[in-house]
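Report on the following structure.
Chain letters run A, B, ... following the sequence lines, proteins first, then strands; residues in each count from 1.
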Amino acid sequence: MNEKRKDERMNFGHEVQWVAWLAAFSLSCGSSSTGGSGSGNLSVVLAAEETISDGLDAGSGDENILDGFDVRFNRYIVAIGNVAMSQVGGANPQSSSVLAVADFTSLPSTQPEVTAFNGIATGQYTRFGFETPPPSNGVLNVNGVATEDIDAMVANGWSYIIEGTITQVSDGVTKSFLIEADVPTVYSDCALDGMESGVNVAGNSSVDITLHGDHIFFNGFPEEEGNVMRLAQWLWDIEDSDSNELLTRTDFEAATDVGSLFPSPPSGAYELTGGPITPISNAWDFIRAQLGTQGHIFGEGECEWSPL
Amino acid sequence: MTRAFTSALLLFLLSACGETTGGFVEIPFAGQGTAAQSFTKDGWEVTLSDATLGFGPIYFCATESALSSRCEVAILEYLEGSKLDGLDPSSQPIGSLYGTTGTVRTAFFDYGIVWLLTKPLPEALAGVPEGPAVVRSESSSYVPKGHSAQFAGTASCVAEPATCCPGAASCPTSFAFEANVDVLVANPGTPAVNGVRTSQEITSEPRTLTVTFDPNAWWQSIDFARLAALDDGTGSVLLEPDDPDYSALVIAMTANELPQLTWTVAETEP
């Protein structure tokens, strides 16, 4: 096999290796990614992607659901917090045990603060992460989440309560769904594409933890969201097995025909490799796996994710 | 650029700032199948008779992430395609992994079909079943050639027909099945299987890798009643790409029943 062909293969080509090795050499020989002088403050705030607050529309645009469904969320309650970060080599580690519960459908535009680090060393915190564990009593209630919802999350170990509707635009028929799920996840090494990883602290800085609302409609666990397709036929096809006119965990767990729900290329577009939860034996597994990938920073900054 | 030159330059660069590094390593690796094991599911006794697999390339990364974009530098790699007997439990040499010392945490690989960033279509590599070939999956006259796997087997109803074929007017007592499966990706430049966890410190110490496949487990995800319904009376069924069970096989191969990666310290001759 000739060298040219090898270099074209995937994202691991030798040319890429070369650049990366040189970059690594540069960093190890005197990077600027170390702490600065003086102290600063970092406010950690919450933000919701528009897909949560406004929902998703059927259409052919990049962020539309391509197979003809509108989705709206009535509640999108998440337990989130336990922020941790450090500078290069683990220097100046900072952590917060504050855990908050927020309904991301109605976050105030001022972006509520979960926690803050005050009087810390300035500079780039190259490692930044957070968690979505199940809450415990005394959790910070960010925006008036109903007490009964918080109590239910604590009692059942849920990190998510998501309630919404899916409407088939061809005939206007609507179904309702309720996802009450335990998806304890660690998000780590968050980075905004094209920027140095983590967050920078200089004076009074802030970082927003952004939750996305469209991952359960992704066609896989993609490298980049620009390549993703949003599809909802699978949710529409779930049978209301207990006939309560609400799609719930019982119904999702009963949907075990994953080959029908999530067809692979060439007939379909789903790639279920690389998710945080395996095996994906039913629709509930798929939902939990996708929920475990939707934590970001600064809107679209990707984080590594793994089950907590 | 040759590996030797690359190695020498990296050694120079890293030694210049006080770091130490090992040299390049070559690790022989082999595939291994799992002997056909009859299993019973929903009244059907199923036995595979053929599971010819395409495999490769494979990359090993230091990152724990399942995102290959987080792995700009592969520690080890094998860039070719290879054919394996998935039902043969003996060791089947594939080739050598080349790379450098370091800590491996994840693997990314294809089942013999890759879609290069610079190519308009996926291609089945030379060395895989019926490869090399361009995979024209977008064509309405999709006739696959060059496969990730070729399967054959039989299913026999060993329960009441109502159990084997619920709701069906008729039910074959047995049928033969075949499937040519192409594990494809939706976007070029991405592997078919991402982020398989495997933890190994790669040193200069000789070692080997064995990749063990279990096609029997893949087929346990199949709805054999649905497969039986495809039998038009000839006693044989060919699983097509638009059958849900074709997708179920791909999901099993790429997510739910992944091959096992086993690192072993190589025995040295006395």
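Counting heavy-atom pairs closer than 4.5 Å to chain B, the top residue among A:D285, A:V258, A:I280, A:T278 is A:I280.
When ring centroids are compared, A:F286 and A:W234 come within the 6.0 Å threshold.
In plain terms, the two heavy atoms of B:R226 and B:D245 that are nearest each other are NE-OD2, 3.0 Å.
For chain A, the nearby parts of B:V185 are the backbone and the side chain; heavy atoms of each come within less than 4.5 Å. The parts of A:D189 that come within reach of chain B are both its backbone and its side chain, each placing non-hydrogen atoms under 4.5 angstrom from that chain. For chain A, no part of B:T106 is nearby; none of its heavy atoms comes within less than 4.5 Å. Residue A:E304 touches chain B through both its backbone and its side chain, counting heavy-atom pairs closer than 4.5 Å. In this structure, chain A has heavy atoms under 4.5 Å from both the backbone and the side chain of B:N187.
Shown here are the ring-ring contact (aromatic ring centres under 6.0 Å, His included) partners of A:Y160, two or more places apart in sequence or in another chain: there are none.
The side-chain contact (heavy atoms from CB on, under 4.5 Å) with A:W305 is formed by just one residue from the set A:T132, A:T185, A:V183; it is A:T185.
Formation of a donor-acceptor pair under 3.5 Å by the A:D214 side chain with backbone atoms of A:T51 is not found in this model.
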